[in-house]
Amino acid sequence: MYLPAAFKQDSPEAQAALIRRYPLGLLITHGADGFEANPIPFLVDVVGGEITLRAHLSRGNAQWKSLAADGRCMAVFQGEEGYVSPSWYPSKKQNGGKTVPTWNYVSVQVSGEAKIIESSEWLLTLLRELTQLHEGGQREPWSVSDAPENFIAAQMKGIVGIELVARKVEGKWKLSQNRTAEDVSGVIDGLRELEGPESTLAQAMVQASSPK
């Protein structure tokens, strides 16, 4: 990843927090037929500053066989993002219009060697944790135990687990840190005026620019 120092985010806790907000990662591998990429939801754990990812793949998805042959892979997580107009920079009026558009975003790349796990106990724990995480906000949360045990057991025969212990994690918080405080405020105001998903990017910029 192209990673200028101003945008580097190397806190495992911050990186994991982004993955929890945006758990659908793009799993990238390289097999006999070339590159493969599939979006799949991950769980993330941080122990002693080390990030581990857990997920599952359908047995019908040949990517798991590529991982079994060569576990080297990368998972890419895209967080808040959005277009930045140069018209939002107060400095535009001061420097004779010498400003250009850009794109702000938050992203994490996790690379390492994944292992395939077929243990039914491991898979059941994964499914329970995934369900608890994503059903938590539902009015009537669904639980794995809501379905018959033999049905769940049959469903698990169609999946395999993957566990990726990170060897390298790169976090990039490109949030106008290379601009003046006035320009940062201008971008935040501009994003908020759009009154759409860009508001989450504005909030990320507020947090990045707040005194630590």
Side-chain angles (χ1 to χ4, degrees), residues 1-81 103-134 156 158-175 177-178 200-201 204 207-208 212:
M1 179 191 288
Y2 173 54
L3 194 56
F7 306 142
K8 186 177 182 180
Q9 174 55 269
D10 55 9
S11 164
E13 290 74 20
Q15 294 163 349
L18 179 137
I19 294 171
R20 293 187 182 105
R21 291 197 307 274
Y22 298 92
L24 189 68
L26 186 64
L27 178 64
I28 304 170
T29 60
H30 190 275
D33 296 325
F35 287 102
E36 298 174 80
N38 283 287
I40 58 174
F42 285 88
L43 288 175
V44 59
D45 302 298
V46 182
V47 179
E50 184 177 75
I51 285 181
T52 299
L53 300 177
R54 291 177 291 143
H56 66 278
L57 290 168
S58 166
R59 286 187 180 275
N61 183 344
Q63 191 174 27
W64 78 267
K65 296 180 181 179
S66 296
L67 280 172
D70 184 350
R72 291 174 297 176
C73 62
M74 174 182 286
V76 180
F77 298 88
Q78 180 62 60
E80 298 85 357
E81 52 84 21
W103 208 280
N104 277 2
Y105 56 89
V106 179
S107 181
V108 171
Q109 294 182 358
V110 180
S111 55
E113 189 163 343
K115 60 181 179 181
I116 298 298
I117 300 177
E118 301 188 65
S119 162
S120 58
E121 183 178 350
W122 189 96
L123 286 169
L124 185 57
T125 297
L126 173 75
L127 296 177
R128 284 172 174 164
E129 290 185 23
L130 277 170
T131 301
Q132 289 171 2
L133 176 64
H134 298 295
M156 288 197 301
I159 61 175
V160 296
I162 60 172
E163 183 175 77
L164 170 58
V165 177
R167 290 185 178 176
K168 183 178 182 181
V169 183
E170 293 181 304
K172 187 172 183 179
W173 270 227
K174 184 179 178 296
L175 299 171
Q177 296 97 321
N178 57 337
T200 60
L201 177 58
Q207 293 175 350
K212 302 297 187 289

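Each residue takes its place number in the sequence, starting with 1.
Taking all atoms of both residues into account, the shortest heavy-atom contact from L24 to P39 is CD1-C, 3.9 Å. Here the shortest heavy-atom pairing between E36 and A62 reads OE1-C, 4.0 Å. Heavy atoms only, all atoms of each residue included: G49 and P12 are closest at O-CG, 3.6 Å. Closest approach of G79 to L18, counting heavy atoms only: CA-CD1, 4.0 Å. What you find for L3 and G171 is that their closest heavy atoms are CD1-O, 3.6 Å.
Two residues are said to be in side-chain contact when any heavy atoms from C-beta on lie closer than 4.5 Å; V44 and V110 fail this criterion. In this structure, the side chains of L43 and L126 come closer than 4.5 Å at one or more pairs of heavy atoms. V106 has its side chain out of reach of F7: every pair of non-hydrogen atoms, C-beta onward, lies at least 4.5 Å apart. In this structure, Q15 and F77 have side chains that are not in contact, with every pair of non-hydrogen atoms separated by 4.5 Å or more. Proximity of C73 to L67: side-chain heavy atoms (C-beta onward) are separated by under 4.5 Å at one or more points. No side-chain heavy atom of L123 sits less than 4.5 Å from a side-chain heavy atom of I117. Residues H30 and D70 fail the side-chain proximity criterion, which asks for heavy atoms closer than 4.5 Å. At least one side-chain heavy atom of L53 sits less than 4.5 Å from a side-chain heavy atom of I19.
Distance CG/L27 to CD/Q63: 4.0 Å, rounded to 0.5 Å. Within the model, atoms CZ of R20 and CD of E13 stand 9.0 Å from one another, a figure rounded to the nearest 0.5 Å. Atom OG of S111 and atom CG of L164 lie 8.0 Å apart (nearest 0.5 Å). Note: N104 CG to W173 CH2 = 13.5 Å, rounded to the nearest 0.5 Å. Between I162 atom CD1 and R54 atom CZ the span is 11.5 Å, to the nearest 0.5 Å. Rounding to the nearest 0.5 angstrom, the gap separating the OG1 atom in T29 from the CE atom in M74 is 12.0 Å.
The salt bridge (charged side-chain N to carboxylate O under 4.0 Å, His left out) test with E113 is passed by exactly one of R167, R72, K168: R167.
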Should E118 and R59 be marked as a salt bridge (Lys or Arg N to Asp or Glu O under 4.0 Å) after you check the CA-CA gap, both sets of side-chain angles, and the distance that decides it? CA-CA 11 Å; E118 301 188 65; R59 286 187 180 275; 2.6 Å; yes

Quick one: do L130 and H56 satisfy side chain to side chain contact (heavy atoms under 4.5 Å, CB included)? Show the steps, please. CA-CA 10 Å; L130 277 170; H56 66 278; 3.9 Å; yes

Can you list the steps and then say if Y22 with Q78 is a side chain to side chain contact (heavy atoms under 4.5 Å, CB included)? CA-CA 7 Å; Y22 298 92; Q78 180 62 60; over 6 Å; no

Is there a side chain to side chain contact (heavy atoms under 4.5 Å, CB included) between N61 and I40 once you walk through the steps? CA-CA 11 Å; N61 183 344; I40 58 174; 5.5 Å; no

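A donor-acceptor contact closer than 3.5 angstrom links the side chains of Y105 and K172. The closest side-chain donor-acceptor pair between E80 and T200, if any, does not fall under 3.5 angstrom.
Within a 6.0 Å sphere centred on CG of D33, heavy atoms belonging to other residues, nucleotides or ligands number 12 at most.
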